[in-house]
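Both ligands and their constituent atoms are indexed starting at 1 by order of listing.
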Amino acid sequence: MRLVHINQVEFENFKSFGGNVKIPLEEGFTVVTGPNGSGKSNILDGILFCLGLANSRGMRAERLPDLINNSKVKEGKSSETSVSVKFNIQDWSPREEFQPLELEEEEIALNKGQKEWIVSRKLRLMPGGSYASTYTSDGKQCTLQQVQRILRDISVDPEGSNVVMQGDVTRIVSMNNKERRNLIDELAGVALFDTRIEQTNAKLNDVFEKQERCEILENELQSSKNKLD
Ligand code: ATP
Ligand code: MG
């Protein structure tokens, strides 16, 4: 199995983490404990923000500027926050069959033998209230699409089950057998084939319908020909 894991998350003025805070995540299982409101869930919000999963996975913020540490948002001044997520990818290797034929010069991609990948997102709030965010991959500016492509390459599926949110466990436990089986199929990659089978069957039905229409037409033409004969 090709496993990647998050090594470290670094915050700059993010929510309750004023200033610079680095949170190391050891290999294996990490538990974060602390009193209510101490910022445990903010760590997860930071990861969702950085990886661009904010909307799909229920990050807790009405609007992105709410993520900037309160004390850093000053009237009439621009302020910003950033989160970096460092992945350990040393056990990962590219899937040969998905290698692009040739890399464009400015292509954002992981190199063979690369051991770490750092993705960062910065959010800047302008004095007028407008805001903009930028992504970097290993320090190179890039787009969300490029980040998402690399995430897919290392099998981190934003819509999948790499991120388990509050409530997800209860949802899985209370699923019926069929729903749980679907989830397992999805994780195992079997669901993809189900979709393809469905698509192929739909195409096959189309062809059968066309064939039927052609047969009717053929019969009509045949009977006309008979009359002419
Ligand atoms: P619980 O155990 O209740 O789940 P928690 O440890 O998960 O708590 P969080 O929800 O991560 O706590 O932290 C919430 C804290 O973050 C609150 O104290 C809140 O005031 C603070 N907070 C949220 N947004 C900001 C912000 N923009 N600036 C500063 N502090 C913020
Ligand atoms: Mg919490």
* To do: Give a yes/no verdict on whether any heavy atom in Ser38 is under 4.0 Å from an atom of ligand 1.
  => yes

* **atom 16 (O) of ligand 1: any protein heavy atom closer than 4.0 Å** => yes

* Do protein heavy atoms approach atom 19 (C) of ligand 1 to less than 4.0 Å? ->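 It does not; no protein heavy atom is within 4.0 Å.
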
For the side chain of [X] and the backbone of [Y], is there at least one donor-acceptor N/O pair under 3.5 Å apart?
X     : Y     : answer
Asn69 : Lys15 : yes
Asn7  : Phe87 : no
Lys40 : Pro35 : yes

Among all the protein's non-hydrogen atoms, which is closest to [atom], and how far away is it?
atom                    : value
atom 11 (O) of ligand 1 : Asn42 N, 2.8 Å
atom 3 (O) of ligand 1  : Asn36 ND2, 3.2 Å
atom 29 (C) of ligand 1 : Lys15 O, 3.2 Å
atom 2 (O) of ligand 1  : Lys40 NZ, 2.6 Å
atom 8 (O) of ligand 1  : Gly37 N, 2.8 Å

Counting from 1, what ligand 1 atoms have a heavy atom of [X] closer than 4.0 Å?
X     : value
Asn70 : 26 (C), 27 (N), 28 (N), 29 (C), 30 (N)
Ile68 : 26 (C), 27 (N), 28 (N)
Gly39 : 5 (P), 6 (O), 9 (P), 11 (O), 12 (O), 13 (O)
Asn69 : 28 (N), 29 (C)
Pro35 : 6 (O)

* Side-chain donor-acceptor pair present, Asn13, Thr81, cut-off under 3.5 Å ->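 Their side chains do not contain a donor-acceptor pair, so the 3.5 Å distance test is not met.
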
* atom 22 (N) of ligand 1: which of Ser16, Ser41, Gly46 has the nearest heavy atom? ->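 Looking at heavy atoms only, Ser16 sits closest to atom 22 (N) of ligand 1.
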
* **Carboxylate-amine/guanidinium proximity below 4.0 Å for Asp185 and Arg181** =>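 Salt bridge flag = yes for Arg181 with Asp185.
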
* **Charged N-O contact under 4.0 Å between Glu10 and Lys86** =>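 Judged by the 4.0 Å cut-off on N to carboxylate O distance, Glu10 and Lys86 do not form a salt bridge.
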
* Asn36 near the Mg ion (ligand 2) via N/O/S, less than 2.8 Å -> no

* Determine whether the side chain, the backbone, both or neither of Asp66 has a heavy atom under 4.0 Å from any heavy atom of ligand 1. =>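 Within the 4.0 Å criterion, Asp66 contacts ligand 1 through backbone atoms alone.
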
* Determine the minimum heavy-atom distance between Gly52 and Gln148, stating which atoms define it. =>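 Heavy atoms only, the tightest pair is O-NE2, 4.3 Å.
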
* **For Glu80 against Arg124, the heavy-atom pair lying closest together** => OE1-NH1, 2.8 Å

* Asked: Which of these, Thr134, Ile150, Val147, sits in a side chain to side chain contact (heavy atoms under 4.5 Å, CB included) with Cys142?
  -> Val147

* Take Val9 and Ile6, measure what side-chain contact (heavy atoms from CB on, under 4.5 Å) needs, and give me the verdict at the end. => CA-CA 8 Å; Val9 191; Ile6 294 176; 4.0 Å; yes

